[in-house]
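Have a look at the structure below before the remarks.
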There are 2 protein chains.
Amino acid sequence: MARTRSSEAGPAERGSRTQDPVGVKRDILDVATKEFAANGYSGARVDEIAARTRTSKRMIYYYFGSKKGLYLAVLENAYRGIREVEGGLNLDTLEPEIAMRALVAYTFDYQNAHHEFIRLVMIENIHDAEHLRSSEVIEGLNVGVIETLKQIISRGQRSGKFRNGLAPIDLHMTISALAFFNVANSPTFSAIFKVDMRSMNALAIRRAQVIDVVMRYVLA
Amino acid sequence: MARTRSSEAGPAERGSRTQDPVGVKRDILDVATKEFAANGYSGARVDEIAARTRTSKRMIYYYFGSKKGLYLAVLENAYRGIREVEGGLNLDTLEPEIAMRALVAYTFDYQNAHHEFIRLVMIENIHDAEHLRSSEVIEGLNVGVIETLKQIISRGQRSGKFRNGLAPIDLHMTISALAFFNVANSPTFSAIFKVDMRSMNALAIRRAQVIDVVMRYVLA
DNA sequence: GACACTATGTACTAATCTGTTCATTCCCGG
DNA sequence: CCGGGAATGAACAGATTAGTACATAGTGTC
């Protein structure tokens, strides 16, 4: 069923079913991402990944060298995704208060829309971020968010709407924590408190709450 | 070096080095907790656990049946730890505002003091809480916190200090999110933003911030 | 002090899993 | 149209790993 892959990018596409390096690489990466996100690093099986691929295990080692190499490629690829969208928000033109709300909403939505990414981050944390730290690709990645926050905060303070004593990194931590928890800890939290956190309704309510928490914290 | 174990609890202790069911069980559980917390479910090795124990792998299967059985015991044991301390705070006698601050501070401190527990929760979440859900021991466990919160909120509202529209569960989610993130995501967050989140100083600052975030959210 | 039952150690097995070997096919440049 | 490097497949090897069979020792009970 995943036979229609290899479409986007790659010299293949025009009928040739065999010999498609870019498509094969992409295919492996996609499957591996799901597999690692679903089972963790040790839990993921190279054989299983290979089986779900339209190619063979041989190719995984041909392109990525080892299981760890594959995992690193998956991780870097996932982090790359964020950088792309980030920045396209153009918050500079908005009122600081509106801009802040938009930023929090965006963060919340993005994390909710990218469960696999969240899970990879969780997995990295369990491994004390050793892969992340060894990767140059991810060097100073999310610095953009901090800059954006810094801008919004100063503008808000200048206009008197925001209070003093707000550190960009700390605020980002607060926003991240609230957004992250909703995706990452939903299984255990729901299990213990018998609540549904994944329904459209619950998400909308929580989203508003998270924005509220942040706004009450920054407003003067 | 862990040879001095088996001390607390158990019919052993009085010199007899052999035959000490309670101590052996306790020993296995302790070692397994660290091992699972450090490497995840799949990453943990039964042989490794056995090696770090003063007993043999045979005993693990004798007492816990399987790797999964051992993991479940570890999980339940870890959750049991919370229930014990919880409730000994006696927040009912304090002013609602003080009580709320104390509760947040307690949550933050507890999670910081129990990294292994946090890691086990992370691991459970990666596995979609399937073990947690299958465990009767953990049935309605943290309900106590919700009751406590409910009390504090109503008292705060009656005295006019707290605003309306505060749901105990949601508030608990906010508090948990902020406390949890600091322990759970510290590896990746520190790696990306080059900050230290584990120093005494950083912890104290963050703790105050978290309390502040919550208080600004609940105060009228 | 023998009996029955629990607790424990050693050595093994069967399955699993990562990584490799060897051979084959594809495809582009001359 | 062919020669050589890149791409791919099938099967295999070596190591690891969860789990077990067998034998033995301790221990409270009568």
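Hydrogens, waters and symmetry mates are skipped; everything else that's a heavy atom, side chains included, is used. Per chain, numbering begins at 1; letters A, B, ... match sequence-line order.
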Checklist entry - Less than 3.5 Å between a donor and an acceptor, one on the side chain of K67(A) and one on the base of dG19(C), is that the case here? => result no
Next on the checklist: As a test of reading the structure: which of dA6(D), dT17(D), dG9(D) is closest to the side chain of S56(A), going by heavy atoms?
Outcome noted: dG9(D)
Checklist entry - Taking the six-membered ring for Trp, is the centroid-to-centroid distance between Y79(A) and F117(A) below 6.0 Å? => result yes
Next on the checklist: Tell me whether K67(A) at atom NZ has more than 12 heavy atoms from other residues, nucleotides or ligands lying less than 6.0 Å away.
Outcome noted: yes
Checklist entry - Rounded to the nearest Å, what distance is computed from the OH atom of residue Y62(A) to the P atom of nucleotide dG9(D)? => result 12 Å
Checklist entry - Can you find a donor-acceptor pair, distance only, under 3.5 Å between R58(A) side chain and dT21(C) base? => result yes
Next on the checklist: Over all strands shown, is A50(A) touching base, sugar-phosphate only, or nothing at heavy-atom distances under 4.0 angstrom?
Outcome noted: nothing
Checklist entry - What about the rings of F180(A) and F180(B), do their centers lie closer together than 6.0 Å? => result no
Item to check | Between dG19(C) (P) and D47(A) (CG): distance, integer Å | outcome: 11 Å
Next on the checklist: Less than 3.5 Å apart, any donor N or O on the side chain of S135(B) or E76(B) sitting next to an acceptor on the other?
Outcome noted: yes
Item to check | Close aromatic pair by centroid cut-off 6.0 Å: Y71(A) and F64(A) | outcome: no
Item to check | Which nucleotide in dG19(D), dC17(C), dA18(D) has an atom nearest any side-chain atom of S66(B) | outcome: dG19(D)
Item to check | dG9(D) OP1/OP2 closer than 4.0 Å to side-chain N/O of T55(A) | outcome: yes
Checklist entry - What is the distance, rounded to the nearest whole Å, between atom CD1 of I60(B) and atom P of dT17(D)? => result 14 Å
Checklist outcome for this item: Atom CG of L70(B) and atom P of dT17(D) are separated, to the nearest Å, by 16 Å
Item to check | Atom pair distance, as rounded to whole Å: CD in E35(A) and C1' in dC17(C) | outcome: 13 Å
Checklist entry - Hey, does the side chain of Y61(A) come within less than 4.0 Å of dT21(C)'s phosphate (OP1/OP2), counting only N and O? => result no
Checklist entry - In whole angstrom, what separates R45(B)'s CZ from dT17(D)'s P? => result 5 Å
Item to check | Atom-to-atom span, CE of M59(B) to P of dG26(D) - whole angstrom | outcome: 14 Å
Checklist entry - If you look at every strand shown and take non-hydrogen atoms under 4.0 Å, does Y63(A) touch a base, only sugar-phosphate, or nothing? => result sugar-phosphate
Checklist entry - Rounded to whole angstroms, how far apart are NZ on K68(A) and P on dC17(C)? => result 18 Å
